[in-house]
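Not measured: the values here are computed from a predicted model. Convention: sequence-line order gives letters A, B, ...; per-chain numbering from 1.
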There are 2 protein chains.
Amino acid sequence: MSEIRKMELAVQIKMNEKLFLRNPELSELGRNIIKYSVVMIREKGFEDFTFKKLAQRIGTTEASIYRYFENKHRLLIYIVAWYWSYLEYKVVFYTQNLANPENRLKKIIELLAKPVTDDFSTDYIDEKLVYEVAVWEGSKAYLTKHVSKDNKDRLFKPYKDLCGRIANIIAEFNPRYKFPRSLSSTLLEMAHYQRFFMNNLPSLTDFGEDKSEERLYQFLYQLVFDSLKK
Amino acid sequence: MSEIRKMELAVQIKMNEKLFLRNPELSELGRNIIKYSVVMIREKGFEDFTFKKLAQRIGTTEASIYRYFENKHRLLIYIVAWYWSYLEYKVVFYTQNLANPENRLKKIIELLAKPVTDDFSTDYIDEKLVYEVAVWEGSKAYLTKHVSKDNKDRLFKPYKDLCGRIANIIAEFNPRYKFPRSLSSTLLEMAHYQRFFMNNLPSLTDFGEDKSEERLYQFLYQLVFDSLKK
DNA sequence: TTTTTATAATAGTAATACTATTATTTTAAA
DNA sequence: TTTAAAATAATAGTATTACTATTATAAAAA
């Protein structure tokens with residue numbers, strides 16, 4: 001039974017061609033590159049992660065990894081893009097049955113603040129680790145001098161799509177609110193940053209002592225709905 | 001006259017000893033390291049910035065720069081810490097004469113959203129450039145595997161101090177609001193991120209087309225005061 | 001079966017991030 | 001004023017990183 005359900009819910013994220021040189025999904029080596037890069041970036045941090053170390057870990061060579069990704073920054077963008085696509089998939093899945101925008105928004109905030117309940121099988125990718133990589137390293141994907149060039153290549157499309165989708169729900173909930181997109185990106189960023197602060201720089205938050213996911217949720221909930229109260 | 005006023009308002013930021021190996025303020029070479037690292041990080045982005053290139057630019061050697069800073073990441077932390085200290089100084093200066101917390105908060109949001117009016121002389125540091133470095137590279141100061149170790153060395157104290165100061169004003173304005181510190185860090189982060197988005201990933205904001213600083217200000221103002229309405 | 005094509009490994013290079021040692025300048029003591 | 005000590009900076013390295021050109025091997029097609 002669980003086999004069948006797993007197959008029904010199996011997620012296949014369609015990735016933009018510009019994100020890679022060769023599609024890593026289509027070979028054992030490629031899938032290993034994704035899987036273990038996520039593991040190692042989490043372990044070492046992005047700065048200490050190198051293609052050489054990854055190659056050693058998965059029993060291949062640096063040059064072979066370079067045939068899949070131009071460089072390690074592109075690989076990071078790939079992972080982060082996968083994460084946002086995956087999250088959008090979840091958002092769509094869990095909100096499609098909800099009638100009014102208020103409930104949809106509430107559900108989204110819940111997904112953001114209380115993430116990663118291993119609900120979809122994504123074969124070779126560990127979604128919990130990808131989430132952590134997104135929190136710790138996600139901003140580095142776009143905080144570069146070549147952000148505009150990368151943006152033209154649509155590398156950030158998954159993030160912008162999700163942001164736009166949430167902004168639409170915000171606008172539906174309160175059409176008179178002036179900043180739906182900024183509120184949406186604030187929600188997305190703060191879901192990550194407040195969690196990072198809670199765990200690592202707790203005095204920047206009000207839920208550092210008990211590291212309470214519930215209070216993080218409440219903060220985001222209030223932030224959004226106080227802004228949208230009519 | 002302007003000479004005298006300049007002297008009166010000249011800012012001397014006291015920096016934590018752990019931020020450097022040798023105090024760069026105390027030598028011509030040290031001051032050049034700070035001044036031109038800010039220039040070059042802005043020009044090239046932090047990833048492409050190296051001590052070697054900096055050494056060439058200011059006519060010294062790599063090894064000499066290493067006598068001041070352990071590595072380029074520590075130099076970034078120094079610059080960002082200087083920025084937050086400078087901003088806190090400004091906050092104190094511009095709010096000391098304001099009686100009620102509402103006006104103080106309003107002033108702070110103004111300072112954050114409409115920054116860098118060359119009001120204080122800071123001799124060798126270009127505050128406009130430092131602000132831009134803080135926006136583009138600031139998060140990289142703490143988004144590392146050694147954030148906790150760095151935090152124990154109090155490297156992020158200036159950021160946490162400013163965050164705490166604003167949180168206190170928030171709590172004074174509305175003592176029943178539950179998340180003053182998280183709202184404060186959200187305000188600080190979003191002042192940077194929404195500006196970065198506005199200029200580089202405009203569809204994540206609602207002020208991308210006209211790049212309107214005024215609307216960015218309004219967004220932050222509403223975000224804070226809608227949360228604090230009693 | 002042979003040829004083509006796809007894929008991966010070998011063997012490099014230039015640049016980066018440092019460090020140990022030596023040289024020079026400044027300061028202080030004799 | 002001279003000499004010794006201390007502070008400061010430069011030289012000359014090394015190991016690692018980020019990448020590339022070329023060669024080898026395996027798979028698919030003719």
Side-chain angles (χ1 to χ4, degrees), chain A residues 17-37 40-41 43-79 124 137 140-141 143-146 149-150, chain B residues 17-37 40-41 43-79 124 137 140-141 143-146 149-150:
Chain A
E17 300 269 320
K18 291 272 183 108
L19 286 165
F20 46 74
L21 297 174
R22 288 173 51 70
N23 192 337
E25 291 171 78
L26 302 181
S27 74
E28 191 64 28
L29 177 57
R31 288 185 292 271
N32 269 330
I33 289 171
I34 303 304
K35 178 175 182 179
Y36 288 98
S37 63
M40 291 184 79
I41 290 172
E43 275 174 15
K44 302 177 172 303
F46 183 64
E47 285 73 26
D48 269 17
F49 164 81
T50 70
F51 277 4
K52 183 157 203 184
K53 291 171 188 167
L54 175 61
Q56 272 155 4
R57 178 106 164 217
I58 63 183
T60 185
T61 60
E62 257 185 297
S64 300
I65 298 171
Y66 276 105
R67 297 194 62 256
Y68 288 83
F69 292 97
E70 230 174 297
N71 51 53
K72 72 171 183 172
H73 186 257
R74 282 293 173 118
L75 173 52
L76 177 66
I77 294 181
Y78 180 97
I79 293 167
Y124 59 95
E137 321 287 356
K140 296 171 191 169
L143 288 178
T144 68
K145 269 279 147 178
H146 42 88
K149 191 152 24 96
D150 291 347
Chain B
E17 300 271 319
K18 291 271 183 109
L19 286 165
F20 47 75
L21 297 174
R22 289 172 52 70
N23 191 338
E25 292 171 77
L26 302 181
S27 74
E28 190 63 27
L29 177 57
R31 288 186 292 269
N32 269 330
I33 289 171
I34 303 304
K35 177 174 181 180
Y36 287 99
S37 62
M40 290 183 79
I41 290 172
E43 274 175 14
K44 302 177 172 304
F46 184 65
E47 285 73 26
D48 270 17
F49 164 82
T50 71
F51 278 3
K52 184 158 202 184
K53 291 170 188 167
L54 175 61
Q56 272 155 4
R57 178 106 164 218
I58 63 183
T60 184
T61 61
E62 257 185 296
S64 299
I65 298 172
Y66 275 104
R67 299 194 63 256
Y68 287 84
F69 292 98
E70 230 176 297
N71 53 51
K72 71 171 182 171
H73 186 256
R74 283 295 174 117
L75 173 52
L76 177 65
I77 295 180
Y78 180 96
I79 293 167
Y124 60 94
E137 322 286 355
K140 297 171 191 170
L143 287 178
T144 69
K145 270 278 147 178
H146 42 89
K149 191 153 23 97
D150 290 349

Contact pattern, 5' to 3', of nucleotides 11-17 of chain D - B, S or - by protein heavy atom under 4.0 Å
B-----S
B/Ile58 CD1 to D/dA10 C1', straight-line distance once rounded to whole Å:
14 Å
Can you list everything that forms a ring-ring contact (aromatic ring centres under 6.0 Å, His included) with A/Phe69? Sequence neighbours excluded, please.
A/Tyr78
In whole angstrom, what separates B/Asn71's CG from C/dT16's C1'?
13 Å
In whole angstroms, the gap separating P of D/dA21 from OH of A/Tyr66 amounts to 13 Å
Salt bridge (charged side-chain N to carboxylate O under 4.0 Å, His left out) against A/Lys18, all qualifying residues, sequence neighbours excluded
A/Asp153
Would you say B/Arg67 reaches D/dA9's phosphate, i.e. side-chain N/O to OP1/OP2 under 4.0 Å?
yes
Under 4.0 Å between a side-chain N or O of A/Tyr68 and OP1 or OP2 of C/dT7?
no
Give the table of side-chain donor-acceptor pairs shorter than 3.5 Å for residues 28-35 of chain B, with sequence neighbours excluded, one pair per line with atom names and distance.
from    : atom 1 : to      : atom 2 : distance (Å)
B/Glu28 : OE1    : B/Arg31 : NH2    : 3.2
B/Arg31 : NH1    : B/Glu25 : O      : 2.6

What parts of residues 21-36 of chain B reach DNA chain D, counting only heavy atoms under 4.0 Å away?
B/Arg22, B/Leu29
Search all heavy atoms of A/Thr144 against all heavy atoms of A/His73 and return the closest pair with its distance.
CG2-NE2, 3.5 Å
With sequence neighbours left out, write down each residue that passes salt bridge (charged side-chain N to carboxylate O under 4.0 Å, His left out) with B/Lys72, or none if nothing qualifies.
none
A side-chain contact here means heavy atoms from C-beta on lying under 4.5 Å apart; do A/His146 and B/Glu47 qualify?
no
Separation of D/dA18 atom P from A/Leu54 atom CG, nearest Å, is 12 Å
Name all residues meeting the side chain to side chain contact (heavy atoms under 4.5 Å, CB included) criterion together with B/Lys145; count only those two or more places apart in sequence or in a different chain, and write none if there are none.
A/Arg42
Please name all residues satisfying side chain to side chain donor-acceptor pair (under 3.5 Å) with A/Thr50, sequence neighbours left out, ordered by chain then number.
none
Starting at atom CD1 of A/Ile65, determine the distance to atom C1' of D/dT20, rounded to an integer number of angstrom.
15 Å
Excluding sequence neighbours, so at least two apart, what forms side chain to side chain contact (heavy atoms under 4.5 Å, CB included) with B/Glu62?
B/Phe51, B/Lys52, B/Tyr66
Without decimals, in angstroms, what is the distance between A/Gln56 CD and C/dA9 C1'?
14 Å
